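The block underneath contains the structure these notes are about, expressed in structure tokens.
Values below: every heavy atom of this structure, side chains too, minus hydrogens, waters and symmetry copies. Residue numbers start from 1 in every chain, and the chains themselves are labelled A, B, ... in the order their sequence lines are given, proteins ahead of strands. Given the structure is predicted, the values throughout are model-derived calculations rather than measurements.
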There are 2 protein chains.
Amino acid sequence: MRPAVEQVIQSLRDEILSGAITSGTRLGEAELAGRLSVSRTPVREALSRLAAEGLVELTPHRGARVASWSEEQLREIFELRLRLEPYAVRQAVPRLNAHQLDELDELAEAMIRYRDVGRLVELNRRFHGMFIEAAGSPPLAGALKAVTHAAVVHQNFADYTPDAMHRSLNHHVEMVAAARAGDGDWAEAVMRAHLYNARATMIGGNQ
Amino acid sequence: MRPAVEQVIQSLRDEILSGAITSGTRLGEAELAGRLSVSRTPVREALSRLAAEGLVELTPHRGARVASWSEEQLREIFELRLRLEPYAVRQAVPRLNAHQLDELDELAEAMIRYRDVGRLVELNRRFHGMFIEAAGSPPLAGALKAVTHAAVVHQNFADYTPDAMHRSLNHHVEMVAAARAGDGDWAEAVMRAHLYNARATMIGGNQ
DNA sequence: CTCGCGCCGATTGCATGCAATCCTTGCCCT
DNA sequence: AGGGCAAGGATTGCATGCAATCGGCGCGAG
């Protein structure tokens, strides 16, 4: 059995990313410990690590809250992603093997089929994550993890207009096609368009 | 008195960044707890957070070690910095007030005077940190913290040739001049040159 | 002589207990 | 009646104790 703290992190991450815990809700150590059937010690450590990842905000003596992002912060996050993710895709393309390309295809198609938002977020996370992983740069992956894994996507995925969603899904498919053709320039350009599309929707469509 | 865990984090960070603890040395929980006169619990938490920051590597059941970087990882880190820091400087320039500009001048001049490597690293960290802070983007700051605060700089600062060091120090002065003139383009270009200069030295000059 | 297996010390990981701090609520004073 | 203050409750933060796991070492077999 894996260490308990990892279990707690996994559980909390899943619950946050899937939207089971809404942004801003209070996370008491005792409550979580009881719910997950562990002591407060691993919960403490898990919260600490998640705070460093940016998923929860940790204020001294006031407990932890699920992080939320202002519109301004969303702009900044997309500015960051625009500077890193296209580059990551470009680096990833020549390193993807046939098996990974097939998996990317499956993910892209699965996203077209599924209409459930939570599932969509998870598939999207894995899709982007595969490129980031394949880029083969731990520092790059670390920098992007904080802003990609984040609940950011979920927070505003529901705000996509049908048109924007359609474009987004098509971008995924086109990106895999570009990768399969070994054309890094193409894939990079598609990712850039993908992010601009997402940014425009997010900024325009939320409160 | 501030929470103990913060003290531990501060102490460890200082010791690592100042080079008092060499890269790769083992960090036992009991040893640290005894040395810092606290229990193992805050040490544990501190190590966890520093691991998330990338300063220490934490392997299950094998304790923590001060992180070290291969030449390949250094390349990747500079690739990352090249994509983020010039942008950060550009964003920072219009937001810098007179007081901050004076402080930057002082830092740049202090770096010319001091010849001690440890002191130089600290001043350099504060110099870059001020621009990153002034950029006003928490996500950007978070992404850069992992690769700038890191012992990376110290690990290879000693490898600078006299010429490269001279150029580097001049870059700092020029950057402040550009910032004072309110010319974001200029400052951004200088930062880019600054990083290329550092990268070339690092890659050429170490084992 | 070398390789493999099992035991032992050491370290990590988790649970629980206690003290310090903070938020809340009710009361008193103005 | 409104504001400030103090006491109570609850929660966090830290220390310590115990069990589980890992690395090292010696012994025995091939």
Side-chain angles (χ1 to χ4, degrees), chain A residues 1-16 20-68 138 142 145 149 151, chain B residues 1-16 20-68 70 138 142 145 151:
Chain A
M1 180 172 169
R2 292 244 312 264
V5 63
E6 311 258 347
Q7 301 271 2
V8 177
I9 291 180
Q10 193 69 21
S11 299
L12 282 178
R13 203 202 305 270
D14 287 349
E15 285 183 323
I16 293 176
I21 307 179
T22 68
S23 286
T25 46
R26 200 165 177 292
L27 298 172
E29 290 184 6
E31 172 204 352
L32 292 174
R35 191 152 60 80
L36 298 174
S37 301
V38 292
S39 163
R40 273 174 38 224
T41 309
V43 171
R44 230 181 134 58
E45 187 168 338
L47 287 177
S48 231
R49 288 208 217 173
L50 290 174
E53 248 179 66
L55 271 179
V56 304
E57 288 172 342
L58 204 56
T59 56
H61 283 288
R62 293 192 54 187
R65 308 182 82 86
V66 178
S68 62
K145 194 162 289 182
H149 275 210
Chain B
M1 179 175 170
R2 291 244 313 265
V5 62
E6 310 257 348
Q7 301 272 3
V8 176
I9 291 180
Q10 193 69 21
S11 299
L12 281 178
R13 203 202 305 269
D14 286 349
E15 286 183 323
I16 293 176
I21 307 180
T22 67
S23 285
T25 46
R26 197 165 178 293
L27 297 172
E29 290 184 6
E31 171 205 354
L32 292 173
R35 191 152 60 82
L36 298 175
S37 302
V38 290
S39 163
R40 273 173 38 221
T41 307
V43 171
R44 235 182 126 56
E45 188 169 337
L47 288 177
S48 234
R49 289 208 217 172
L50 290 174
E53 244 180 71
L55 271 179
V56 304
E57 288 172 343
L58 202 58
T59 56
H61 283 288
R62 292 191 55 187
R65 310 182 79 86
V66 179
S68 62
S70 66
K145 193 164 287 182

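Nearest heavy-atom pair, A:Ala46 versus A:Ile9, reported as atom, atom and distance to 0.1 Å: CB-CG1, 3.5 Å. Minimum heavy-atom separation, B:Ala4 to B:Val38: CB-CG1, 4.3 Å. Taking both residues in full, the closest heavy atoms of A:Glu29 and A:Arg40 are given as OE1-NE, 3.3 Å, listed atom of the first, atom of the second, then distance.
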Pairs under 3.5 angstrom, nitrogen or oxygen only, protein versus nucleotides 11-13 of chain D, please.
| residue | atom | partner | partner atom | Å |
| --- | --- | --- | --- | --- |
| D:dT12 | OP1 | A:Glu29 | N | 3.4 |
| D:dG13 | OP1 | A:His61 | N | 3.2 |
| D:dG13 | OP2 | A:Arg44 | NH1 | 3.1 |
| D:dG13 | OP2 | A:Arg44 | NH2 | 3.4 |
| D:dG13 | O5' | A:Arg44 | NH2 | 3.3 |
| D:dG13 | N7 | A:Arg40 | NH2 | 3.0 |
| D:dG13 | O6 | A:Arg40 | NH2 | 3.1 |

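Partners of B:Ser39 under the side-chain contact (heavy atoms from CB on, under 4.5 Å) rule, at least two apart in sequence or in another chain, are B:Thr41, B:Pro42.
Of the candidates B:Leu58, B:Val66, B:Val8, B:Leu55, B:Leu50 forms a side-chain contact (heavy atoms from CB on, under 4.5 Å) with just one, namely B:Leu55.
Computed from coordinates, the B:Leu47 CG to C:dT11 P distance equals 15 Å when rounded to whole Å. In this structure, B:Arg65 places its CZ atom 12 Å from P of D:dG23, rounding to the nearest Å.
Applying the 4.0 Å criterion to OP1 and OP2 of C:dC14, one finds that A:Thr41 has every side-chain N and O outside that range.
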